[in-house]
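Step one of this worksheet: look at the structure below.
In what follows, every chain begins at residue 1, and chains take the letters A, B, ... in the order their sequences are listed.
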Amino acid sequence: MTNIIGDIRDQIRSVVRKAMAAATEKGLLPDISVDEIIVEAPKEKEHGDFSTNIAMLIVKKARKAPVQIASILIDNMDFTDTYIERAECAGPGFINFFLDRSWLYDTLRIISREREDYGRINIGQGSKVMVEFVSANPTGPLHMGNARGGALGDCIASVLQAAGYDVTREYYVNDAGNQIEKFGMSLEARYLQLLKGEDAVEFPEDGYQGEDIIDHMRDYIEEYGDKLLNADPEQRRRELVDYALPRNLERIRKGLESYGIHYDVWFSEQSLYDSGEFEETINYMEDKGLLYEKEGAKWFKATDFGAEKDEVIIRNNGIPTYFASDIAYHRNKFEKRGFDRVINLLGADHHGHVARMKAAVKALGVDPAKLDIVIFQLVRLFKNGEIARMSKRTGRAISLDDLLEEVGRDAARFIFNTKASGSHLDFDLDLAVRQSNENPVYYVQYAHARICSMLRLLDGEGISVPDADEVDLTLLAAPEELDLIKKLAEYPDEIRISAQTLEPSRLTRYVTDVASLFHSFYTECRVKGEEESLMKARLLLVSAVKTVIKNVLDILSISAPERM
RNA sequence: GUGCCUGUAGCUCAGCUGGAUAGAGCAACGGACUUCUAAUCCGUAGGCCAGGGGUUCGAAUCCCUUCAGGCACGCCA
């Protein structure tokens with residue numbers, strides 16, 4: 001639960017504020033108020049461990065040159081009870097801080113103490129967050145887009161958990177409405193075609209073309225024969241849907257499970273109708289005067305709440321739209337279940353939904369800032385160097401199950417989380433399958449396996465990882481060692497930023513950096529066979545690296561193999 | 001036509017709440033295994049940050065504009 005980088009930033013801010021106050025008191029600077037003092041880690045080592053640009057930001061108010069301000073501040077700084085060793089003015093007016101190495105040694109003590117909890121922070125303070133993701137129509141198998149959304153959503157949820165939120169993972173099952181009708185028509189058409197021949201009935205134009213629909217009906221016929229051949233069509237469709245829908249859902253659930261995703265709640269759209277919540281919501285909106293009639297349909301005044309156009313809620317045939325039940329669903333999330341914050345993941349092809357959903361939430365009297373909609377860009381699949389087109393209509397999409405079979409869970413989850421959600425993702429199937437250095441996931445896993453191997457070997461000689469207080473950590477002084485520890489120290493702050501930006505892709509980059517620094521350390525520094533006190537210190541370091549890699553991979557739900 | 005996303009090394013992408021000399025991986029080239037896992041490491045090379053204007057001490061980052069690609073503009077979801 002310790003974020004040492006965060007603590008040091010706070011130390012620096014406090015030192016700067018006190019220096020400003022002291023300088024003001026001596027009449028060297030006017031009384032200047034600043035909202036936030038920016039402390040960042042410079043790229044160049046010569047620029048110290050941390051730096052601030054405060055002197056350049058207050059030039060106007062101070063009516064002095066930035067370099068002059070910086071030196072005044074530095075002269076008035078007090079480093080007592082901080083990790084700061086010295087500060088320097090550099091460049092156009094930066095103040096660079098150089099830290100005492102003890103902060104790195106403290107980092108190792110923290111990791112050794114917190115272990116699997118290292119990296120956990122508490123910015124969430126236990127507030128209730130729902131992450132709703134994938135939520136694909138249960139009318140067919142999951143595809144590549146769902147695979148990206150799944151990896152992203154699940155990792156966002158895990159990162160938020162690590163950041164101290166009380167997270168619920170939820171899948172919204174669209175088991176009501178239009179697409180279920182279409183699903184029923186498609187099943188019925190295939191059913192009749194299988195029994196009476198291709199030409200017996202025409203397949204609905206906008207029906208689901210996928211092979212899976214036919215498979216369902218083959219299975220159904222095998223089990224129940226032609227008993228629905230002369231049944232009432234509505235009855236027949238219902239029966240076929242009742243047969244196929246649970247099977248699809250089960251397949252989806254299993255697929256996601258083997259992808260490492262476990263939901264807390266599977267929320268049925270139909271349940272909103274059955275419980276009366278849907279009607280309540282419409283009545284509520286009606287009472288608030290949020291709805292109006294036009295051309296026989298019922299509209300929501302979304303434009304009153306910042307959207308670009310109004311939206312139909314109830315069609316002129318009396319059937320509610322998807323949006324209508326989604327409003328009821330969000331009322332349920334916020335009002336009935338009391339989530340402090342709701343995060344929905346949506347593919348870029350649904351981004352039009354953002355403005356109207358925000359408007360709806362606002363209309364319900366909920367602060368729209370409590371609703372985050374993460375839009376992720378679509379996936380382009382490459383195979384044999386060319387784009388493998390995935391079309392849902394022709395049913396020739398590559399499914400999640402195919403992906404897991406070909407690529408495997410670890411590589412798929414890693415690759416989907418290497419890119420920020422906003423960037424388009426080219427998924428190279430050939431590369432993902434390759435078990436080589438071109439595939440980044442193995443680079444990280446290899447570092448972990450390598451460490452396990454070292455620990456195993458030493459353990460065989462009766463040498464185990466020591467406690468931090470029985471080790472002289474100051475023996476760790478090589479640049480490879482110090483750089484590595486510094487990287488380990490950043491981990492809790494990485495969690496913080498990933499949680500705040502909802503971007504777990506930072507973590508794949510971070511853990512790759514850790515692995516890289518470890519591999520460099522490994523080639524430069526030996527552990528086994530070194531003089532005992534140095535060996536112990538390095539052993540503790542190596543064990544800390546293992547802890548951090550394992551913790552990150554756990555968040556990503558990627559395995560951390562002990563042997564490779 | 002309107003809105004959203006994207007444009008950075010040969011390729012895939014970081015950096016985008018403005019900061020110091022623009023980074024990483026892969027590919028290319030040259031090196032390193034009698035010692036804890038070479039699925040590794042070290043080095044070299046590679047750039048008008050799509051183009052053009054602006055804002056300021058300072059712009060890949062903010063604003064305007066042009067161009068290119070993706071997506072969406074339905075009483076589908």
Side-chain angles (χ1 to χ4, degrees), chain A residues 36 38 40 42-44 46-47 51-53 56-57 59-60 65-66 90-94 96 135-137 139 174 177-179 182 206 294-299 308-309 311-326 346-355 375-378 380 382 415 418-428 431 434-447 449-458 461 480 501 505-506 508-509 512-513 515-516 518-530 535 538-539 542 563-564:
Chain A
E36 208 210 341
I38 297 164
E40 53 187 9
K43 280 175 277 185
E44 303 292 324
E46 304 81 67
H47 296 148
S51 75
T52 179
N53 60 354
M56 291 178 285
L57 294 180
V59 272
K60 276 191 184 143
F94 290 100
N96 295 332
S135 298
N137 272 336
T139 50
N174 301 127
N178 203 44
Q179 76 284 352
K182 250 170 35 179
D206 56 350
K294 193 178 95 182
E295 294 161 8
K298 209 173 277 270
W299 296 68
E308 285 196 354
K309 54 185 172 62
E311 299 286 344
V312 169
I313 292 289
I314 314 276
R315 289 182 261 255
N316 63 11
N317 62 8
I319 298 173
T321 61
Y322 168 82
F323 181 47
S325 54
D326 216 13
L346 249 33
D349 52 340
H350 290 90
H351 75 254
H353 200 52
V354 177
I375 297 295
F376 58 92
Q377 297 302 313
L378 301 175
R380 258 196 328 179
F382 278 80
I415 290 168
T418 49
K419 273 96 189 174
S421 52
S423 56
H424 301 263
L425 191 151
D426 288 342
F427 194 104
D428 186 335
L431 175 75
R434 226 170 290 158
Q435 301 207 1
S436 75
N437 61 337
E438 292 168 74
N439 197 337
V441 66
Y442 299 111
Y443 183 81
V444 174
Q445 291 183 319
Y446 181 64
R450 218 177 193 186
I451 293 170
C452 290
S453 162
M454 296 168 78
L455 298 181
R456 232 179 358 251
L457 209 71
L458 288 164
E461 297 179 12
E480 289 80 11
T501 57
S505 62
R506 290 188 69 91
T508 56
R509 271 192 299 282
T512 304
D513 287 347
S516 170
F518 166 73
H519 286 310
S520 298
F521 158 83
Y522 182 88
T523 23
E524 282 308 311
C525 307
R526 289 193 56 83
V527 178
K528 184 170 173 279
E530 284 290 347
M535 181 196 69
R538 285 185 174 163
L539 190 49
V542 161
R563 294 169 202 268
M564 280 175 81

[atom1] atom, [N] versus [M]: distance in rounded Å?
{"N": "B:C48", "M": "B:U8", "atom1": "C1'", "result": "12 Å"}
{"N": "B:A72", "M": "B:A77", "atom1": "C1'", "result": "13 Å"}
{"N": "B:C64", "M": "B:U55", "atom1": "P", "result": "15 Å"}
{"N": "B:U61", "M": "B:U2", "atom1": "P", "result": "24 Å"}
{"N": "B:G7", "M": "B:G43", "atom1": "C1'", "result": "32 Å"}
{"N": "B:C11", "M": "B:G19", "atom1": "C1'", "result": "30 Å"}
{"N": "B:A59", "M": "B:U21", "atom1": "C1'", "result": "16 Å"}
{"N": "B:A24", "M": "B:U66", "atom1": "C1'", "result": "32 Å"}

Give none if [N] has no partner; otherwise give the nucleotide forming a Watson-Crick or G-U wobble pair with it, both distances under 3.5 Å.
{"N": "B:C41", "answer": "B:G31"}
{"N": "B:A14", "answer": "none"}
{"N": "B:C49", "answer": "none"}
{"N": "B:G3", "answer": "B:C71"}

field: A:Phe518 vs A:Val542, side chain to side chain contact (heavy atoms under 4.5 Å, CB included): CA-CA, chis, key distance, verdict
entry: CA-CA 8 Å; A:Phe518 166 73; A:Val542 161; 4.3 Å; yes
Look at all strands and tell whether [X] reaches a base, only sugar-phosphate, or nothing, counting heavy atoms closer than 4.0 Å.
{"X": "A:Asn316", "value": "base"}
{"X": "A:Cys452", "value": "nothing"}
{"X": "A:Ala297", "value": "base"}
{"X": "A:His351", "value": "base"}
{"X": "A:Glu311", "value": "nothing"}

What is the distance from [atom1] of [X] to [atom2] of [N], rounded to the nearest Å?
{"X": "A:Arg450", "N": "B:U37", "atom1": "CZ", "atom2": "C1'", "answer": "6 Å"}
{"X": "A:His519", "N": "B:C36", "atom1": "NE2", "atom2": "C1'", "answer": "14 Å"}
{"X": "A:Lys309", "N": "B:A72", "atom1": "NZ", "atom2": "P", "answer": "13 Å"}
{"X": "A:Lys60", "N": "B:C57", "atom1": "NZ", "atom2": "C1'", "answer": "9 Å"}
{"X": "A:Glu530", "N": "B:U35", "atom1": "CD", "atom2": "C1'", "answer": "11 Å"}
{"X": "A:Leu346", "N": "B:G70", "atom1": "CG", "atom2": "P", "answer": "21 Å"}
{"X": "A:Phe521", "N": "B:U37", "atom1": "CZ", "atom2": "P", "answer": "13 Å"}
{"X": "A:Ile451", "N": "B:U40", "atom1": "CD1", "atom2": "P", "answer": "15 Å"}

Just wondering, do [Y] and [X] contact through their side chains at under 4.5 Å, heavy atoms?
{"X": "A:Lys298", "Y": "A:Val312", "value": "no"}
{"X": "A:Ile319", "Y": "A:Asn178", "value": "no"}
{"X": "A:Lys419", "Y": "A:Gln377", "value": "no"}

Polar-atom pairs under 3.5 Å, protein N or O versus N or O of nucleotides 5-15 of chain B: list them with distances, or write none.
unit_1: B:C5; atom_1: O2'; unit_2: A:Gln377; atom_2: NE2; d: 3.1
unit_1: B:C5; atom_1: O2'; unit_2: A:Gly422; atom_2: O; d: 2.8
unit_1: B:C5; atom_1: O2; unit_2: A:His424; atom_2: NE2; d: 3.3
unit_1: B:U12; atom_1: O2'; unit_2: A:Lys419; atom_2: NZ; d: 2.9
unit_1: B:C13; atom_1: OP1; unit_2: A:His424; atom_2: O; d: 2.8
unit_1: B:C13; atom_1: OP1; unit_2: A:Asp426; atom_2: N; d: 3.2
unit_1: B:A14; atom_1: OP1; unit_2: A:Ala420; atom_2: N; d: 3.1
unit_1: B:A14; atom_1: OP1; unit_2: A:Ser423; atom_2: OG; d: 2.6
unit_1: B:A14; atom_1: O2'; unit_2: A:Arg509; atom_2: NE; d: 2.9

field: Residues which pass side chain to side chain contact (heavy atoms under 4.5 Å, CB included) with A:Glu530, listed by chain and number, not counting sequence neighbours
entry: A:Arg526, A:Leu534, A:Met535, A:Arg538
- prompt: Considering heavy-atom distances to RNA chain B, does A:Arg563 or A:Asn174 have its closest nucleotide positioned more toward the 5' end?
  reply: A:Arg563
statement: When A:Arg526 and A:Thr512 are each assigned the nearest nucleotide of RNA chain B, the 5'-most assignment goes to A:Thr512
query: With respect to the phosphate group of B:A39, does any side-chain polar atom (N or O) of A:Tyr446 fall under 4.0 Å of OP1 or OP2?
result: yes
- prompt: For B:C42, does OP1 or OP2 lie under 4.0 Å from any side-chain N or O of A:Ser520?
  reply: yes
So which protein nitrogen or oxygen atoms get under 3.5 Å of nucleotides 26-33 of chain B's nitrogens or oxygens?
none

field: Under the ring-ring contact (aromatic ring centres under 6.0 Å, His included) test, residues paired with A:Tyr322 that sit two or more places apart
entry: A:His353
If I compare all heavy atoms of [X] with all of [Y], which pair ends up nearest, and what's the gap?
{"X": "A:Phe521", "Y": "A:Glu480", "result": "CA-CB, 3.9 Å"}
{"X": "A:Phe94", "Y": "A:Ser51", "result": "CD2-OG, 4.5 Å"}
{"X": "A:Ile375", "Y": "A:Ala348", "result": "CG2-CA, 3.6 Å"}
{"X": "A:Lys294", "Y": "A:Trp299", "result": "O-NE1, 3.2 Å"}

query: So, is the end of the A:Arg380 side chain (NZ or CZ) under 6.0 Å from the ring centre of A:Phe427 and within 45° of the ring's axis?
result: no
- request: Among the candidates B:C36, B:A39, B:C75, find the nucleotide nearest to the side-chain atoms of A:Glu295.
  value: B:C75
message: Closest approach to the side chain of A:Asp349, judged atom by atom: which nucleotide of B:C75, B:A77, B:C71 is it?
response: B:C71
Dump every N/O contact between nucleotides 18-22 of chain B and the protein below 3.5 Å, one line per pair.
unit_1: B:G19; atom_1: N7; unit_2: A:Asn53; atom_2: ND2; d: 3.0
unit_1: B:A20; atom_1: OP2; unit_2: A:Lys43; atom_2: NZ; d: 3.2
unit_1: B:A20; atom_1: N6; unit_2: A:Ser51; atom_2: OG; d: 3.3
unit_1: B:A20; atom_1: N6; unit_2: A:Asn96; atom_2: OD1; d: 2.7
unit_1: B:A20; atom_1: N1; unit_2: A:Asn96; atom_2: OD1; d: 3.3
unit_1: B:A20; atom_1: N1; unit_2: A:Asn96; atom_2: ND2; d: 3.1

- prompt: salt bridge (Lys or Arg N to Asp or Glu O under 4.0 Å) with A:Asp206: which residues, sequence neighbours excluded?
  reply: none
message: Tell me if B:C33 is syn or anti. Syn = glycosidic torsion within 90° of 0, anti otherwise.
response: syn
- prompt: Below 3.5 Å, does any donor atom in the side chain of A:His350 face an acceptor in the base of B:A77, or the other way round?
  reply: yes
field: A:Thr508/A:Ile415 under side chain to side chain contact (heavy atoms under 4.5 Å, CB included): CA gap, chis, key distance, verdict
entry: CA-CA 9 Å; A:Thr508 56; A:Ile415 290 168; over 6 Å; no
